Peer 1: 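Have a look at this one.
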Amino acid sequence: MRDLFVSMSAMEPGVDTAEKVITYFDDLAASHAGLGGLVRGAAVLADCGAGLSVPGRIQMRVAADGHRLESAPIDPGWTVLPLDPGTGGLIWLERTSPHHPAERLILERLAAAARIVLNRTQTPSPGHDPASVELLLDHSAERATRLKAAQRLGLPADGRARVVVTMALEHAPQPAGKLPPALARWRARINPVDASVIPLTTDWTGDPACPVRAGISPALPIDELPTGWQMAIRALRLTGEDTPADPGPRQLKYEDLGISALLTELPPSAIAANPDVRVLQETAHSKPWLIPTAAALTGHDTKRQAAAQLHIHHSTLDERLHSLHAILGYPPSTPQGRQRLHLTLTLLRLLRSADLGASHPLHLPGNQ
């Protein structure tokens, strides 16, 4: 789903507003957006919370900034519409006042698009269907709904698969190249990333030629893929472009994270407040050699190896280490200092990718 080009708060009521709302939801429907993308679009467009509920199938709430919210009772003051007569389904906008004339139109277009998704994801028809992929990964969808989505995609209910989450291809360094075929078949855009389901019959655990950063979950039963989604997101947050400016592995499997997986549960605010992270982040702007030097030092056994990677003389590295000691407040070349510096680099990488966890449309426990 492309980013929203205008919010309702900036709209003036009239034909132009209606055209923008209609065009926006038509574009979402044409791109086979899933229910999460549709509700998120309504929330951001209306500049207030939005929700959708279908008894026995799925329930979701999204804040105006795209964050996924926990379930809550419907407020009598919200604007609510039935999703489809006879199903008990509802959609709503979470604004009590003042109401905007476009709210009704937003809900009507949301309802029309959501009905298409719900009907499509009930009918078995193996093939590429991003909306079914999104349902398959969504914790808030009922188990039966997720299994029907798997059936539609041609994935056996008793099978196993991995979830691979990648940065969107258009955000990859140029030239971007092409995605491996294994990632392209069962794939959905779930802003700001793409998610692929990889059955074990066509297993994929990484490829140096892949043009985008990737987080890879373990192989899990089809019914547990929402957990695989969470694992893959957390692995993706710890990747980097493997460049001097953005050090870190470009592809990571969740099972290789070890204790680092626990760090992904830290709130971004706590990471940002950490003195070690703050010093590294603030100083890196004025000293562009700092991050590459820290990464080389923590990534090699000896100073000479680190100097070779940086293409500098070891005496130059000694000068940088002296400066680093003064900046950090501890010696970075001791075993304890290297460990502390490595942990700080990991936290800094998590802070830079905080939007992948905290603002993601699908629910990530511990990152709200």
Side-chain angles (χ1 to χ4, degrees), residues 3 65-67 165-168 171-173 191-193 212-215 233-252 254 256-300 303 306-307 309-312 316-360 364 366-368:
D3 289 337
D65 61 1
H67 284 71
V165 179
T166 64
M167 301 304 298
H171 298 154
N191 268 1
V193 298
V212 288
R213 290 159 45 199
I233 277 283
R234 290 183 165 126
L236 179 64
R237 291 189 62 202
L238 287 168
T239 63
E241 288 295 342
D242 196 22
T243 63
D246 187 14
R250 299 186 70 250
Q251 297 164 25
L252 273 175
Y254 180 85
D256 292 339
L257 299 186
I259 198 169
S260 296
L262 295 176
L263 300 178
T264 65
E265 300 180 14
L266 292 172
S269 58
I271 297 176
N274 180 269
D276 284 2
V277 173
R278 191 166 59 246
V279 166
L280 208 61
Q281 187 177 39
E282 293 173 353
T283 312
H285 294 296
S286 59
K287 300 185 184 299
W289 55 265
L290 190 149
I291 297 297
T293 301
L297 182 66
T298 59
H300 293 86
K303 290 192 292 184
Q309 178 185 316
L310 294 167
H311 304 292
I312 61 176
T316 303
L317 179 59
D318 285 336
E319 294 175 3
R320 291 188 182 183
L321 292 180
H322 181 75
S323 297
L324 264 177
H325 190 166
I327 292 168
L328 300 174
Y330 60 86
S333 56
T334 65
Q336 296 85 356
R338 285 160 55 94
Q339 183 181 43
R340 182 172 173 180
L341 184 56
H342 174 74
L343 180 59
T344 306
L345 287 173
T346 302
L347 291 174
L348 185 59
R349 198 178 306 140
L350 287 172
L351 185 61
R352 288 175 173 175
S353 63
D355 62 318
L356 299 184
S359 301
H360 218 273
L364 279 174
N367 281 312
Q368 297 299 319

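Reckoned from all heavy atoms, side chains included, excluding hydrogens, waters and symmetry mates. What you see is a predicted model; the values in this text were computed from it and never measured.
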Peer 1: Output yes when a side-chain donor or acceptor of R338 lies under 3.5 Å from a complementary backbone atom of L297, and no otherwise.
Peer 2: yes
Peer 1: Please report the interatomic distance CD(Q251) to CZ(R213), rounded to the nearest 0.5 Å.
Peer 2: 11.0 Å
Peer 1: Run the side chain to side chain contact (heavy atoms under 4.5 Å, CB included) test against P244 and tell me which residues pass, sequence neighbours left out.
Peer 2: P292
Peer 1: So which heavy atom on A235 is nearest to which on G215, and how close?
Peer 2: CB-CA, 3.8 Å
Peer 1: Measuring only between side-chain heavy atoms, which start at C-beta, is L257 closer than 4.5 Å to L263?
Peer 2: no
Peer 1: Heavy atoms only: give me the nearest I271-L351 pair and the separation to one decimal.
Peer 2: CG2-CB, 3.9 Å
Peer 1: Which heavy atom in L341 sits nearest to a heavy atom in P332, and how many Å separate them?
Peer 2: CD2-CB, 4.1 Å
Peer 1: What pair of heavy atoms forms the shortest contact from N274 to D276, and how long is it?
Peer 2: OD1-N, 2.9 Å
Peer 1: Looking at D246, V212, L252, which one forms a side-chain contact (heavy atoms from CB on, under 4.5 Å) with T239?
Peer 2: L252
Peer 1: Backbone N or O of H342 within a donor-acceptor pair of the T298 side chain at under 3.5 Å?
Peer 2: no
Peer 1: Name each donor-acceptor pair under 3.5 Å that joins a side chain in residues 316-331 to protein atoms two or more places apart or in another chain, with its distance.
Peer 2:
unit_1, atom_1, unit_2, atom_2, d
D318, OD1, K303, NZ, 3.1
R320, NH1, T293, OG1, 2.8
S323, OG, E319, O, 3.4

Peer 1: Within the structure provided, determine whether L350 and L238 are in side-chain contact (heavy-atom separation under 4.5 Å).
Peer 2: yes
Peer 1: To the nearest 0.5 Å, how far apart are CG in L348 and CZ in R352?
Peer 2: 4.5 Å
Peer 1: Let me confirm one number: the CD-OG1 distance from Q339 to T344, rounded to the nearest 0.5 Å.
Peer 2: 10.5 Å
Peer 1: At their closest point, which heavy atom of H285 faces which heavy atom of Q281, and how far apart are they?
Peer 2: CD2-O, 3.3 Å
Peer 1: Looking only at heavy atoms, which two atoms of P249 and R349 are closest? And how far apart?
Peer 2: CD-NH1, 4.4 Å
